[in-house]
Student: 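The structure that follows is given in the form of structure tokens.
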Amino acid sequence: MFSTLSAYAGDPILSLQLAYRDDPRPEKINLSIGLYYDDEGNIPRLESVQRAQEIVNASTAPSVYLPMSGSPAYCKATQELVFGKDSEALRAGRVATIQTLGGSGALKVGSDVLKKFFPNSAARISNPTWDNHRAILEGAGFSVEAYPYFDPVTQRLDFEAMAAYLETQAEQTIIVLHPCCHNPTGADLNSAQWDEVVRIVARRKLLPFLDMAYQGLGEGLERDAYLVRALVKADLPFLVANSYSKIFSIYGERCGGLSMFCANADEASRALGQLQQAVRRNYSSPPAYGGHVVETVLLDPELRALWESEVDAMRERIHEMRLELHRGLVRVHPAYDWDFLLAQRGMFSYAPALAPHMQELIEKYGVYIIESGRICVAGLNTRNVERTAQAFASVLK
Ligand code: PLP
């Protein structure tokens with residue numbers, strides 16, 4: 001019956017993670033997968049999350065199904081985080097939000113709903129982007145093309161090329177945008193550039209689909225949501241997927257959200273219905289436990305303040321490690337221009353020049369980066385950053 005099934009090549013990043021796990025060398029350094037590690041090299045359990053877990057664990061309520069759209073408290077807290085507590089859009093009931101299975105689940109449900117109502121639209125993703133964007137959008141039936149984003153020669157954002165490309169797109173083309181901490185490049189648009197994108201979206205009647213998987217890890221929880229606020233201000237319809245995986249260090253619980261900003265409350269209630277239907281026919285309702293933990297943190301003022309300070313600490317540690325890597329590289333290989341690193345934000349840095357040396361970095365130095373030259377800066381710590389700089393400099397000399 002199943003003899004015609006083809007083999008799945010697997011996900012290259014997850015395969016690399018297994019290779020790292022099986023590498024017996026104690027000095028190995030994992031800069032491949034997008035996970036946040038603390039300075040001890042451990043995936044942290046945030047104190048705010050642990051305290052919320054104690055509260056949720058103490059509950060004697062039975063585990064019943066959540067509604068299709070998830071926990072109402074979770075959705076409200078998600079809206080306030082993504083759109084801002086005092087958002088006029090929220091007060092006017094113009095946002096439809098569901099709890100999703102991580103950011104990935106949000107992208108999948110959003111793509112399915114878009115395909116149903118915009119069957120002739122094409123989808124556009126940045127070049128490069130997180131690999132799963134193409135997979136999810138193509139899986140939903142869209143034809144996908146990449147827009148220029150990063151110039152591998154200057155190793156910086158190529159905003160002119162991006163803007164010029166967007167100007168050529170047909171009405172209702174779906175444009176996937178990373179509001180902060182671009183994966184894989186770490187090269188983000190500044191607010192003036194986002195304003196320009198918003199103007200193009202309005203002029204060309206494009207349909208933005210924002211993927212915000214790292215809110216808080218770029219410039220801060222509020223500033224990272226600049227694009228969300230700018231689109232609301234411009235009164236333009238859009239979707240936004242957000243993820244709690246990294247910023248709560250709660251990857252396995254699969255917590256995220258999907259929101260649609262609509263023209264009015266009536267439209268938002270129909271949008272919510274469509275999102276619910278897409279959930280119902282896929283997995284019926286999201287898992288409850290992680291969602292209750294996230295909402296407990298977000299809604300309890302004390303835990304919320306603690307969590308925000310923990311997000312700040314993660315962001316600052318990543319920033320410090322990027323500076324330290326830069327300092328180390330300048331020290332050991334001063335002839336090379338490493339300043340592109342300083343312009344990057346969030347969990348990743350991107351050095352396409354390292355891409356051809358990936359195998360050498362792994363085999364000779366035990367430094368695991370992914371094929372494209374993406375470096376997970378959150379895998380650096382005070383003990384391995386110097387060795388990483390030496391390995392990078394050695395392969396590029
Ligand atoms: N979007 C981007 C850009 C990501 O980097 C990731 C995770 O690495 C996701 C979405 C998926 O997030 P989640 O793990 O919550 O599904």
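Whatever order the structure lists ligands and atoms in, that order sets their numbers, starting from 1.
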Student: So which protein residues pack against ligand 1 under 4.0 Å, heavy atoms counted?
Tutor: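 Residues near ligand 1: Gly102, Gly103, Ser104, Trp130, Asn183, Asp211, Ala213, Tyr214, Ser243, Ser245, Lys246, Arg254.
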
Student: Output all residues satisfying salt bridge (charged side-chain N to carboxylate O under 4.0 Å, His left out) with Arg204, sequence neighbours left out; order by chain, then residue number.
Tutor: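 Partners of Arg204 under the salt bridge (charged side-chain N to carboxylate O under 4.0 Å, His left out) test: none.
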
Student: Any salt bridge between Glu219 and Arg315, counting N to O under 4.0 Å?
Tutor: no

Student: Flag the pair Glu295 and Lys76 as a salt bridge only when some basic side-chain nitrogen lies within less than 4.0 angstrom of an acidic carboxylate oxygen.
Tutor: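 Judged by the 4.0 Å cut-off on N to carboxylate O distance, Glu295 and Lys76 do not form a salt bridge.
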
Student: My understanding is that only residues two or more places apart in sequence, or in another chain, count here; which of them pass salt bridge (charged side-chain N to carboxylate O under 4.0 Å, His left out) with Arg94?
Tutor: Asp235

Student: Between Phe348 and Arg374, is there a cation-pi geometry (under 6.0 Å to ring centre, at most 45° from the normal)?
Tutor: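 Positive - Arg374 is close enough to the ring of Phe348 and near enough to its axis.
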
Student: Tell me which pairs pass salt bridge (Lys or Arg N to Asp or Glu O under 4.0 Å) where either residue lies in residues 376-397, with sequence neighbours left out.
Tutor: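 Only Arg331-Glu386 qualify under salt bridge (Lys or Arg N to Asp or Glu O under 4.0 Å).
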
